[in-house]
Each structure stands twice: as C-alpha cells, then as structure tokens.
Amino acid sequence: MACMARILITSAIPYINGIKHLGNLVGSQLPADLYARYSRARGHEVMFICATDEHGTPAELAAAKAGMPVADYCAQMHEVQKNLGAGFRLSFDHFGRSSSQRNRELTQHFAGQLAEAGLIAEVEERQVYSNADGRFLPDRYIEGTCPNCGYDRARGDQCENCTKQLDPTDLINPRSAISGSTDLEVRATKHLYLRQSAMRDQLREWILSKTQMGGNGQPAWPVLTTSIALKWLDDGDGLQDRGITRDLDWGVPVKKGTEDWPGMEGKVFYVWFDAPIEYIAATAEWADAGGRGEGAWERWWRTDKGAEDVRYVQFMGKDNVPFHTLSFPATILGSGEPWKLVDYIKSFNYLNYDGGQFSTSQGRGVFMDQALSILPSDYWRWWLLSHAPESGDSEFTWENFQASVNKDLADVLGNFVSRITKFCRSKFGETVPEGGASGAREAALAAELETRVRAYEGFMEAMEVRKAAGELRAIWVAGNEYLQAAAPWSVVKEDPEAAAAIVRLSLNLVRLYAVLSQPFIPDAAAAMMTAMDCDDWSWPGEIGAALQALPAGHGFSVPEVLFRKITDEERADWQQKFAGVRN
RNA sequence: GGGCCUGUAGCUCAAUUGGUCAGAGCAGGGCGCUCAUAACGCCUUGGUUGGGGGUUCAAGUCCCUCCGGGCCUACCA
C-alpha cells in the first residue's frame, strides 16, 4: 500500500437503556463500520472502538423497572447490544463498557488532572430531592403544572406544550415523574463543574481551523459538526461551564486521581464526562483482553507514545456533537497531557420512519433485533448506508426499502453473479474457461472501472457515504452492461473461445465485486468470494491486473441466490407490524 | 423567542469558489436480448430548482421577505 496509515475510529457509544433502532444505527455505528472495513481493506492499521454507555439515571430506572440490580441489568443489556452489533457485522476491535474498571480509573485520572490545572470548580447548588424515591431528581424527572400555560405535565427543564424553559421550582404542584410522589424538597448539594468557558478561545480556534480544508488534504468537517459547535461556543453568554457530577449511586465515584475528593463522597461523575473517556478506556480494555500490555493501547492514544501519526475519526448523530466538539476536547486539552485529539468528526442527521420519527419510547419504527429477525444484515446495511442522512434528515419507508433492495442487490448485483456463473456452468462447467483473448470491449470496461474504482476510493476516504454507495452500484451496473454487449450466449455458438474470454473476465468481475462491496455488504461479499473458491481480498490496483486474479482452469461454484426479493405481501405485512407499538 | 439545517422531475437524491448545472437512480413509456432472481441492455416522457422581490453580464448557487419541514437551545443521554 502506498501510504499505510494508522486510523483510530470510534462510534458514539449507544446508551445501555434498551435496544437501538435503525436511526441510531445509521447515525454512528454503521458508517463507522463502513469506514473501518474500507480502511482495513486498503491495508491501513485500524483500531475500531465502541462500547455501551452505562451510567446515568435512565439506566437506574430501567434496571428498577426490570426488577434487577443495575449492574446486572447493564451486564445483560451489554451482551444483548454486543450480539446485535455482531449480527449487523459491526467489526469492532473491541466493544467495551463504560462501567469498566479501566474507565473508572481514567475518568478519575482526568478529573484529577483537570483539578490540578484549575479547570474544576466546586459549586454549591440546590436541587430537588424526592424522599419517596430516595434520590435527587434530574430536572426532567420532575413534573408539574406549567406556570406559563397551565399544561399539567410540564417537565422541570421545559414545558413541552409551550416550550418555555423552566426551573423545577417554577412548577406548580411538582411531583416526581418516577413515582408520582409530591414529597419533594430542595436540598443543597455540591457539584463539580468543568470550566470549559476558560477554554472557549482555544476551542473556538480549533473548531474554526476545521471549517476549511486543512493542510495535508484533510477535508473540512461537515457543516453540521462545526455549526453546532460554534453555536454552543458563541450563543448567548458563550460556552457555559458544565456540571460533571451527579448525586447517584451508579457511576464512576468522584475521585481526584486516586485520592478521595473531600466533600464529594457518595457522588459520581456525570455520564457525559465519563462516556467519551470510555473510547480510551475501551482501547485499554482491548489490550487487557488480549494480554497486550499498556503500550498496545497507548500507541493509539498518547502522542508521546506513538500516537502522533494516528488519524482519529469519530462518528456520531448530531445530538452528540456538542459533547465531542467541546466537552471532550476540553477534557483532553485541559488535562495538560499528550492525549490524542480527534482529527475528523463525521456527524449525521436523523433517519425518520415513515412520516414521523423513530421512537424508542413509543416503539415506533424498526429496532435492531426486529430488523435481523426479518432479513439478513446486508439488506439493512445497504439501504441504510446508501440512504445515510448526510445532508439532511432522511426517511425510511417500506416502499423505498423494498424497491431499493430488490433493484440494487437482487437485480443488479445478485442477478449478475447468478447469470454469469450459471451460464458458465452450462457451457464450460464449473471451471474458469480458457482460450480467447480480450479486445476493445474489455479494454473499455477496464477503463471505466479504473475511473469508477478511483472515484469510489475518493468517496470512501472522504466518508461521503451515499456517493460511495452510488459509485459502487455503478460498478455493479457496468458488469451487466458489459455482459449484455458482449453477449457470450450468442458468441458461444460460433466462437467458443471468444465466449470463454468473456466469461473468464466476468467471473473475475465477481471476485472484484466481492472485494469492493465488502465494506457495505460483508456477508454477500464473502459468499461471492467463496463461490469463486478464492481468498484473495487484496484491494485492486490497476484494474486490468485485478481482473486476471482467477486464471483459466480455476474451479468455482454457482452460489445460492445472493439476495432474494422482498415481496409485496411481506412489505405490507411489515408496514403494518412496525407502525404501532413494540410488543 | 433565538440559532442551525432543509425545501430541485411522481419518489430518493446530485449539482467545485455564482458562469452549458438543470442532472442521476428508481418509478412511467418504447425497443432489444434470452445467460439470469419475469432478471439485463438501449432509448425516452417528466422540473419556470417552495412563492415573491433584489444584487449581477450571469443565481438552485448571494441578499431580503413569505410559506413549509426538521433539529438544537446546555439536568435524557
């Protein structure tokens, strides 16, 4: 490979509370996997990290609802999410847990460093405590009547009816959203704040430097990423300090490095402080799992220990952008230690479901487990990636899904493999035929593929997901165009050797398609490669050469149908099944 | 309220710094082919780029305004 690089890839870590829907998947883990697979295919050294985000109030409540200790609940849900990730062929090098010992130590370490740098403030504040629930309540877990509009189910942070922002103490007849109890009181409590306002100029300068293409060809960040970051930096009074501790039982205990933090006993760090640190911790967990030692993970994260040449790319939905552009960088930079800072943030808009939003609470839309129960992962991967919400929110409809998948996967790609392998079997047997020579038509095909494959590479490297999918599809189409024009079924009647040359090239196309398609549809790619009785996954250099990998005499087999079509009946059935409430 | 994004053929989306940019895929129509998952290929019908105004030799592309959709607004994560 011309320039072998080391690429660190992280996907926003999914919250432990329940199974994620396709909108969550397409916004972070799936495109991250695409990029990881492509980068590996190009010969780069890749570290692809994800994890479950396990702390916070919702996890505690979900565990309580399930009647389980929160640690057990998280352990169980982690396994569920891990298995679903595997089901979608997400190729994580490690899928960690933010509740790991590694993350606990690192989070406490960062807090200690930040405190030493004078970037932590201790703030005495007053929060609502529910005696019945035995806990402090986050603002949004307090309900009451809105003093502005009279809506009786306003939340303590904002009234959903009139959108007025509220303070919990503004509510009339406040009650716990958890238990309904009105036995609430305001208690004084002390919390730590990350003084990110002190780093505002430094952060702004950094963000602004990413709004334009950098030196060494680094692309500018998506507008979505930088606009959200700048908004938070400059909106109103500017970047606000953020509380990074909570009065909860479940989480990373507040410590200053390895020392106790006087006055902070019984408190834990806020999930959004420890969650991004888990990217680092999960890499350490990976090293631990393989008995690799400290240096193995530090060379990805410590610029003083080998990470200076690492390219770090993050993937996330737009709701996660503030934490990745501001809070986490403030943590990294503020530590005063040589940790690796992100180089590129790829953010996504939302995927909507059939005219509305996917909704976890309402069970609206398709969830990861349900998706896999009705179709193999490649179908979903292809549709989701080829319709990734890059320029704006996009929409999933069953009609579009059926049409796209049937056309692209079954007709264009699957049928190509089917027609050429079956034709060869009937005329030449299940062996790459010999004889004949390639001519102008073959040269033209190679030239077109040369152009398209290079374009595909460019889109993949730029993480232009939709465009990459479009180019890949065009590469598949080129095979059908070639076959149609070459018409070996006619040629074979007068000139079997000429037909043999056409077939030989076409069978090589199947192998080439396997290599090129693998990042999008890994299972089908593997099936194609297996059918060609080959294991040469090397990325194509000069296309003419790549189309000679399978020599005359090489055995192959006709594969099962790669993609069956989705019927109208199935579509209608699923449409109805997933419209309503889950379960 | 404020901010950001978005509105391009029936559908999903493209169009470097304003200058053949009005395009692609799907759907629709016609023709061809028969190796193949009734698949494939070729040709083709669709748009005064949400409405209106402005700047410019030239505007989906910049400005203003109106209408529509979405998101964010810091204690859900």
Side-chain angles (χ1 to χ4, degrees), chain A residues 12-17 53-59 61 125 127-128 136-142 155-158 163-165 167-168 191 196 222-224 226-228 230-232 234-237 239-243 246 270-272 275 317-323 326-327 349-350 352 357 360-361 386-387 389-395 397 399-400 403-404 406-427 466-467 469-470 473-474 477 479-490 492 499 502-503 506 558 560-565:
Chain A
I13 65 178
Y15 197 63
I16 194 70
N17 179 17
D53 179 11
E54 305 190 1
H55 297 315
T57 306
L61 298 180
E125 53 189 22
Q127 292 202 336
V128 174
F136 281 93
L137 297 177
D139 290 356
R140 67 159 34 204
Y141 284 102
I142 302 162
R155 291 191 323 215
D157 55 344
Q158 183 175 31
T163 75
K164 183 177 176 61
Q165 293 193 42
D167 186 275
H191 282 295
Q196 44 189 22
V223 173
L224 185 65
T226 53
S227 65
I228 291 173
L230 292 172
K231 167 69 169 20
W232 281 56
D234 297 320
D235 188 46
D237 300 328
L239 185 60
Q240 302 296 298
D241 292 339
R242 177 178 280 275
R246 292 291 184 275
Y270 175 45
V271 285
W272 265 114
K318 57 186 169 185
D319 51 332
N320 278 336
V321 169
F323 304 102
L326 304 170
S327 311
N349 287 282
Y350 291 146
N352 290 318
Q357 292 185 17
T360 301
S361 58
S386 61
H387 294 78
E390 291 176 299
S391 57
D393 290 350
S394 63
E395 176 154 315
T397 63
E399 289 85 353
N400 189 299
S404 296
N406 284 355
K407 191 67 186 175
D408 299 346
L409 297 180
D411 296 346
V412 175
L413 176 62
N415 183 55
F416 173 79
V417 174
S418 189
R419 67 194 295 204
I420 189 57
T421 53
K422 287 181 179 174
F423 177 77
C424 185
R425 180 175 61 184
S426 74
K427 302 299 178 189
R466 285 182 177 214
K467 290 181 180 175
R473 185 187 189 284
V477 167
N480 282 310
E481 290 174 344
Y482 168 74
L483 256 196
Q484 197 64 35
W489 48 88
S490 298
V492 73
I502 295 167
V503 171
S506 299
V558 174
E560 294 297 307
V561 166
L562 284 179
F563 297 98
R564 71 170 185 81
K565 293 204 190 192

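The sequence lines fix the lettering, A, B, ..., with proteins before strands; numbering per chain opens at 1.
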List the residues meeting side-chain contact (heavy atoms from CB on, under 4.5 Å) with A/Leu562, not counting sequence neighbours, and say none if there are none. A/Val417, A/Ala527, A/Met528
Could you check whether A/Glu399 gets within reach of a base, just the sugar-phosphate, or nothing at all, counting any heavy atom under 4.0 Å? nothing
For B/G60 and B/U48, measure between their P atoms and round to the nearest Å. 13 Å
How far does the P atom of B/G25 sit from the matching atom of B/A15, given to the nearest Å? 16 Å
Could you measure between the two P atoms, the one in B/C26 and the one in B/G68, and give it in whole Å? 35 Å
At less than 4.0 Å, is any side-chain N or O atom of A/Lys318 found next to OP1 or OP2 of B/G70? Yes or no. no
Quick one: which of B/C40, B/A74, B/C75 gets closest to the side chain of A/Gln240? B/A74
Each nucleotide N or O in nucleotides 12-14 of chain B that has a protein N or O under 3.5 Å away: list the pair and distance.
from	atom 1	to	atom 2	distance (Å)
B/C13	O5'	A/Arg466	NH1	3.1
B/C13	O3'	A/Arg466	NH1	3.3
B/A14	OP1	A/Ser391	OG	2.4

Inter-nucleotide C1' distance (B/U56, B/C11), Å rounded: 35 Å
Restricting to side-chain contact (heavy atoms from CB on, under 4.5 Å), what partner residues turn up for A/Asp139, sequence neighbours left out? A/Asp157, A/Pro168
Base-pair string, RNA chain B, Watson-Crick plus G-U, cut-off 3.5 Å on both distances, | for inter-strand, is (((((((..((((.....[...)))).(((((.......))))).....(((((..]....))))))))))))....
Protein-proximity profile, nucleotides 25-30 of chain B, B/S/- by nucleotide at the 4.0 Å heavy-atom cutoff, equals SS----
Just call it for A/Val477: base, sugar-phosphate, or nothing, with non-hydrogen atoms closer than 4.0 Å on any strand. sugar-phosphate
5′-ward residue of the pair A/Arg140/A/Trp489 relative to RNA chain B: A/Trp489
Grab the CG-P distance between A/Asp319 and B/C75 for me, whole Å please. 15 Å
Whether A/Lys231 contacts B/C5 is assessed here as follows: a side-chain N or O lying under 4.0 Å from the phosphate OP1 or OP2. Is that the case? no
With P as the reference atom in both, quote the distance from B/C40 to B/C4 in angstrom, rounded to an integer. 46 Å
Any side-chain N or O of A/Tyr270 under 4.0 Å from OP1/OP2 of B/C76? no
Is the phosphate of B/C75 approached by A/Arg242 (side-chain N or O, under 4.0 Å from OP1 or OP2)? yes
Can you check whether any acceptor in the base of B/C42 is under 3.5 Å from a donor in the side chain of A/Gln484, or vice versa? no
Taking the same atom, C1', in B/C64 and in B/G70, what whole-Å distance lies between them? 23 Å
Nearest heavy atom decides the nucleotide; on that basis, is A/Arg419 or A/Glu481 closer to the 5' end of RNA chain B? A/Arg419
B/G53 glycosidic torsion: syn (within 90° of 0) vs anti: anti
Return the set of residues passing side-chain contact (heavy atoms from CB on, under 4.5 Å) with A/Phe563 (not counting sequence neighbours), or none when no residue passes. A/Asp378, A/Tyr379, A/Leu409, A/Ala410, A/Leu413, A/Ile521, A/Ala524
Sugar-phosphate, base or nothing in reach of A/Phe416, heavy atoms under 4.0 Å: nothing
